[in-house]
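To start, the structure itself, in structure tokens.
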Amino acid sequence: MLDPELLERITARHAELDELEDQLAKHLAEVRDERDELAVAERVFERMTEQLAEERASARPVPGQVGGRAVMLIPHREPGVEEDALPPDYQRIITVVRQAAGPVMAREVGEAVGVDISVKSKLEPLRGKLVRLVDRGWLRKLPDGRFTTRL
């Protein structure tokens, strides 16, 4: 015959273990749910990365043809592409922006490179070049319209 105190301890321990098993099962279910969510997030991330890469590739301008050879007059700024890959007038623009004490307006760049800034039709092509340099990653345009070099 079993001791009633021992039987009570065994029953209490069974109850404790049952409660612990329930807690562990609940925790395991939460862990599995989170793993499933992470797997979905990884798939979404991979798809979005692929889509962004495709969009960036298709957004790049198509190189022009010079002498039957594909060339891009203003290449994107990438590792290994130096400023000397730019046409000389674009190199002068970057030099002026770099040597300025701070961000500069298109007018200031025009004065420095010898453009007649009193005639708007002469300043607009320069502004177009500045914007092209921004689009290709060589310069940065601030919200107030001034230009500065990239860090």
> Closest heavy-atom contact between Leu126 and Val109?
Replying inline: CD2-C, 4.0 Å
> Does atom CD of Glu16 have more than 12 heavy-atom neighbours from other groups under 6.0 Å away?
Replying inline: yes
> Is there side-chain contact between Glu8 and Glu5, with heavy atoms separated by less than 4.5 Å?
Replying inline: no
> Rounded to the nearest 0.5 Å, how far apart are CD of Glu111 and CD1 of Ile117?
Replying inline: 3.5 Å
> Considering all heavy atoms of both residues, which atom of Pro75 and which atom of Val81 are nearest to each other, and what is their separation?
Replying inline: CG-CG1, 4.1 Å
> Roughly how far apart are Tyr90 OH and Leu139 CG, rounded to 0.5 Å?
Replying inline: 11.0 Å
> To the nearest 0.5 Å, how far apart are CG in Leu6 and OG1 in Thr11?
Replying inline: 9.5 Å
>> Nearest 0.5 angstrom please: Asp3 CG to Arg9 CZ, how far?
In response: 9.0 Å
>> Would you say that Arg132 contacts Trp138 through its side chain, given a criterion of any heavy-atom pair below 4.5 Å between the two side chains?
In response: no
> Linking I/L/V/M/F/W/Y whenever any side-chain heavy atoms sit under 4.5 Å apart, do Val115 and Met105 land together?
Replying inline: no
> Should we count CD of Glu34 as having more than 12 external heavy atoms under 6.0 Å?
Replying inline: no
> So Arg47 and Glu50, salt bridge (Lys or Arg N to Asp or Glu O under 4.0 Å) or not? Walk me through it.
Replying inline: CA-CA 5 Å; Arg47 266 191 241 134; Glu50 290 170 5; over 6 Å; no
>> For Lys122 versus Asp116, what's the shortest heavy-atom pair and its separation?
In response: CB-O, 3.6 Å
>> Could you walk me through whether Glu30 and Asp33 satisfy the side chain to side chain contact (heavy atoms under 4.5 Å, CB included) test, starting with their C-alpha distance in whole Å, then the side-chain angles of each, then the deciding distance to 0.1 Å, before giving a yes or no?
In response: CA-CA 5 Å; Glu30 290 171 358; Asp33 288 345; 5.6 Å; no
>> Go through it in stages, so that I can follow the logic: the residues are Ile10 and His14, the test is side chain to side chain contact (heavy atoms under 4.5 Å, CB included), and I'd like the CA-CA distance, side-chain angles, deciding distance and then a yes or no.
In response: CA-CA 6 Å; Ile10 291 172; His14 255 288; 4.0 Å; yes
>> Counting C-beta onward and ignoring hydrogens, is there a side-chain heavy-atom pair between Leu142 and Thr148 closer than 4.5 Å?
In response: yes
> Do the side chains of Phe147 and Arg140 get nearer than 4.5 Å, heavy atoms only?
Replying inline: no
> Which heavy atom in Leu123 sits nearest to a heavy atom in Arg107, and how many Å separate them?
Replying inline: CD2-CG, 3.7 Å
>> Is the shortest side-chain heavy-atom distance between Arg35 and Leu38 below 4.5 Å?
In response: no
>> Tell me whether the count of non-hydrogen atoms from other residues, nucleotides or ligands lying under 6.0 Å of CD in Glu21 goes above 12.
In response: no
> Which atom pair, heavy atoms only, marks the closest approach of Lys141 to Val131?
Replying inline: NZ-CG2, 4.5 Å
>> Check whether Glu83 reaches the backbone of Gln91 with its side chain - one donor and one acceptor, N or O, closer than 3.5 Å.
In response: no
>> Is there a side chain to side chain contact (heavy atoms under 4.5 Å, CB included) between Ile93 and Leu130? Walk through the geometry before answering.
In response: CA-CA 8 Å; Ile93 291 169; Leu130 285 161; 3.4 Å; yes
>> Test your reading of the model: is there a side-chain donor-acceptor pair from Arg136 to the backbone of Ile74, 3.5 Å cut-off?
In response: yes
> What pair of heavy atoms forms the shortest contact from Arg77 to Gly137, and how long is it?
Replying inline: CD-O, 3.1 Å
>> side chain to side chain contact (heavy atoms under 4.5 Å, CB included), that's the test. Do Val113 and Asp89 meet it? Break it down for me.
In response: CA-CA 9 Å; Val113 296; Asp89 51 337; over 6 Å; no
